[in-house]
Amino acid sequence: MGIDLGTCNTLVAVRGQGIVLNEPSVVAVRKGTNQVLMNGEAVGWRAKEMLGKTPGSISAIRPLKDGVISDFEITEAMLGYFIRKVNGKGRIFGPRVVISIPSGITAVEKQAVFQSAERAGARRTFLIEEPVAAAIGAGLPFAEPTASMIVDIGGGTTEVAIMSLADIATCESVRVAGDDMDEAIMNHMKRTYNMMIGEQTAERIKIEIGSASPLPQETTMEVRGRDMISGLPRKTVITSEEIREALLEPVQGISEAVTRTLERAEPELAADLVENGIMMAGGGSLLRGLTSVIQKATGLDTRLAEDPLTCVARGTAIYLEHLEEWKTTLENDMSA
Ligand SMILES: Nc1ncnc2c1ncn2[C@@H]1O[C@H](COP(=O)(O)OP(=O)(O)O)[C@@H](O)[C@H]1O
Ligand SMILES: [Mg+2]
């Protein structure tokens, strides 16, 4: 099985079956502690569901939120739960597992992910870096002697990489991605309307009316929140123009990470990119008009991968099929 261990969502893809699991990378813990609820069963959708019902004593943790592992035990509980859920209980042989990990995580964190997978019953475990999996999932010719460029915008991190001959030539991981867009919208609502809104409302605003460049048809949306002065609930109407303005900073942060990576590329690889362009993946790349912002900033043809949210997971499953062919350069087999 191939696993996309994302900062927002974890997806599992199985050869011949496609995406078999797609859940939030969330674990419910007893509030104020790092104690995972119900022996590690309160993970993913179940963690989210429990939250709404017992808000007092339970809090949600996203153990990979910033692209680094904040708590090893919680990450292990999460990964183990997902692997067991997909693998079932009756199997004699554990599965071979390819896990894509944010490229910013340390050797110690990699080791922790590896051990979690082994403990959850994996027969063999391979780790690959997220931009590599994204490139494979997007169908880029990453193993060929020509440059491919991928920009994977997730929740916590944006990963930018230029690849050639099945190897990463230049890459950068920045902590500007979907979460920052949500935060920018929350700040805008506070500053402009004295209104507090929740993270989920901010995300909904982003998805419904958010954009990075002017829309053919600008829109409005009714938003509910809490007035910061009276403390009471109220509603207001916001426009797509003001949300675009609020998103300017994170959008620029992403765009700058892309141009910086290009500036560091070898001239020959940069030359290839004039032909090959840039591929965008990850949920954050779905923000309207973002591809055209990147296209303008770089002057390179910029496209959106097919189904950007499942791109990395599909890439890990494809990698598993080509293990023998690609592993010499990409393998990160901790047991070897
Ligand atoms: N249509 C959309 N427009 C803008 N952002 C989106 C859209 N759909 C999902 N997202 C954002 O994408 C991010 C999650 O993307 P994902 O690739 O799953 O992240 P990760 O790999 O870090 O788990 C979240 O910030 C989410 O709000
Ligand atoms: Mg991702």
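First listed ligand is number 1; within each ligand, the first listed atom is number 1.
- Judged purely by atom type and a 3.5 angstrom limit, N276 uses its side chain to pair as donor or acceptor with the backbone of A147.
- With hydrogens left out, the protein atom closest to atom 18 (O) of ligand 1 is N9 ND2, 2.8 Å, a heavy atom.
- Between G154 and ligand 1, not a single N/O pair is under 3.5 Å apart.
- Annotation for ligand 1: atoms under 4.0 Å from non-hydrogen atoms of G6 are 20 (P), 21 (O), 23 (O).
- Evaluation of the side chain to side chain donor-acceptor pair (under 3.5 Å) test over residues 277-298, restricted to residues two or more places apart or in two chains, returns S213-S292.
- Annotation for ligand 1: atoms under 4.0 Å from non-hydrogen atoms of E130 are 21 (O).
- Counting only distance, with no hydrogens or angles, the side chain of T302 and the backbone of L300 share a donor-acceptor pair below 3.5 Å.
- Protein heavy atom nearest atom 26 (C) of ligand 1, with residue, atom name and distance: E203 OE2, 3.2 Å.
- By heavy-atom distance, the residue among A212, C8, G283 lying nearest atom 24 (C) of ligand 1 is C8.
- Residue R288 does not touch ligand 1, judged by heavy-atom distances below 4.0 Å.
- With hydrogens and angles disregarded, no donor-acceptor distance shorter than 3.5 Å links the side chain of D301 to the backbone of G277.
- For D182, no nitrogen or oxygen atom sits less than 3.5 Å from a nitrogen or oxygen atom of ligand 1, counting backbone and side chain alike.
- Rounding to the nearest 0.5 Å gives a distance of 9.0 Å between CD1 of I243 and OG of S211.
- Scanning all protein heavy atoms for the shortest distance to atom 1 (N) of ligand 1 gives L286 CB, 3.5 Å.
- Atom 4 (C) of ligand 1 has as its closest protein heavy atom L287 N, 3.7 Å.
- Within ligand 1, the atoms closer than 4.0 Å to a non-hydrogen atom of G282 are 17 (O), numbered from 1 in the order shown.
- Protein atoms that are N, O or S and lie under 2.8 Å from the Mg ion (ligand 2) are these: E130 OE2.
- Of the possible polar contacts, none joining the T10 side chain to the L5 backbone as a donor-acceptor pair under 3.5 Å is found.
- Heavy-atom separations between G284 and ligand 1 include at least one value shorter than 4.0 Å.
- Salt-bridge check for R175 with D66: failed, with every basic side-chain N at 4.0 Å or more from each acidic carboxylate O.
- For the pair E130 (side chain) and E159 (backbone), a donor-acceptor distance under 3.5 Å is absent.
- In terms of N/O distances under 3.5 Å, ligand 1 is not approached by D152.
- Of the possible polar contacts, one joining the D180 side chain to the A177 backbone as a donor-acceptor pair under 3.5 Å is found.
- When hydrophobic side chains of Ile, Leu, Val, Met, Phe, Trp and Tyr are connected at separations under 4.5 Å, I19 ends up clustered with L11.
- Atom numbering of ligand 1 starts at 1 in the shown order; those under 4.0 Å from a heavy atom of G178 are 25 (O).
- For ligand 1, the polar-atom distance check finds an N/O of T7 within less than 3.5 Å of one of the ligand's N/O atoms.
- By the salt bridge (Lys or Arg N to Asp or Glu O under 4.0 Å) test, R244 pairs with E218, sequence neighbours left out.
- T170 places no side-chain N or O within 3.5 Å of a backbone atom of I162 that could act as its donor or acceptor partner.
- Of the possible polar contacts, none joining the R314 side chain to the A13 backbone as a donor-acceptor pair under 3.5 Å is found.
- Under a 4.0 Å criterion applied to the non-hydrogen atoms of I207, ligand 1 contributes the atoms 1 (N), 2 (C), 3 (N), 6 (C), 7 (C), 8 (N).
- Here the options are V26, D71, V29, V36, the test is side-chain contact (heavy atoms from CB on, under 4.5 Å), and the partner is I61; only V29 passes.
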